[in-house]
Amino acid sequence: MNCREAEKRIYLYNELSPSEREETDAHLRTCSACRNIMEEVTRARNFVRTAPPAPALSDPARMTRRILDALPQSKPQRSRSLVYWSPGTALRYAMSGVSLFLIFTFVSE
């Protein structure tokens, strides 16, 4: 096994079959670079697993107001009659339609 294949397997280690794990472990016993990667990945997984949960927001509505207040005020909009069917707007509608079609296709399968 080469290092490139071992690196792919390191990130998927928990999903490997027993034979794939044994092959990967054999490579890790002989390759210090891949062994270091495995140690880093293991440390990162353990850190995420043991990290305390994020604190809950005491007042989510207040946070939303603060974010919206921090946004720059928008300029007054000009008449939309001429801009409504511009090529950019048509493209946005087309892309939205394609996106919805793909979503429904994936959901229906």
Side-chain angles (χ1 to χ4, degrees):
M1 171 182 299
N2 61 27
C3 291
R4 175 177 254 165
E5 180 64 29
E7 286 180 30
K8 290 177 188 176
R9 288 183 177 189
I10 286 170
Y11 293 104
L12 301 172
Y13 192 78
N14 295 335
E15 301 171 22
L16 296 177
S17 69
S19 63
E20 290 173 326
R21 249 188 220 186
E22 182 53 42
E23 290 174 3
T24 305
D25 290 339
H27 179 80
L28 292 174
R29 284 191 289 273
T30 61
C31 180
S32 63
C34 290
R35 196 169 40 249
N36 290 337
I37 293 171
M38 181 67 166
E39 290 170 3
E40 288 179 28
V41 168
T42 302
R43 273 195 302 269
R45 284 185 179 143
N46 289 337
F47 176 77
V48 170
R49 196 174 296 124
T50 60
L57 293 174
S58 59
D59 185 6
R62 181 172 173 251
M63 175 69 81
T64 302
R65 281 193 306 273
R66 289 182 62 201
I67 291 171
L68 291 175
D69 289 344
L71 294 174
Q73 297 298 320
S74 63
K75 298 177 183 176
Q77 292 188 356
R78 57 186 175 171
S79 171
R80 299 194 76 162
S81 60
L82 297 177
V83 181
Y84 187 74
W85 291 107
S86 69
T89 303
L91 180 62
R92 275 185 271 168
Y93 281 116
M95 294 305 292
S96 297
V98 169
S99 298
L100 288 172
F101 171 78
L102 289 173
I103 289 169
F104 287 124
T105 302
F106 285 115
V107 169
S108 66
E109 289 185 46

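- Residue Arg35 comes nearest to Thr30 through the heavy atom pair NH1-N, 4.2 Å, listed as atom of the first residue, atom of the second, then distance.
- Scanning both residues, Arg45 and Leu12, for their nearest heavy atoms gives NH2-N, 4.3 Å.
- Summarising the geometry, atom CD belonging to Glu23 is positioned 5.5 Å from atom OG belonging to Ser19; distances are rounded to the nearest 0.5 Å.
- Between atom CD of residue Glu20 and atom CG of residue Asp25 there is a gap of 11.5 Å, rounded to the nearest 0.5 Å.
- Using a 4.5 Å heavy-atom threshold, the side chains of Met95 and Arg92 count as separate.
- At least one side-chain heavy atom of Arg9 sits under 4.5 Å from a side-chain heavy atom of Met1.
- Side-chain contact check for Ile37 versus Glu40: every heavy-atom pair is 4.5 Å or farther apart.
- For Arg49 and Asn46, the side-chain atoms include at least one donor-acceptor pair closer than 3.5 Å.
- Here the straight-line distance linking atom CZ of Arg66 with atom CG of Asp59 works out to 10.5 Å at 0.5 Å rounding.
- To the nearest 0.5 Å, the span separating CZ on Arg21 from CG on Leu28 amounts to 12.0 Å.
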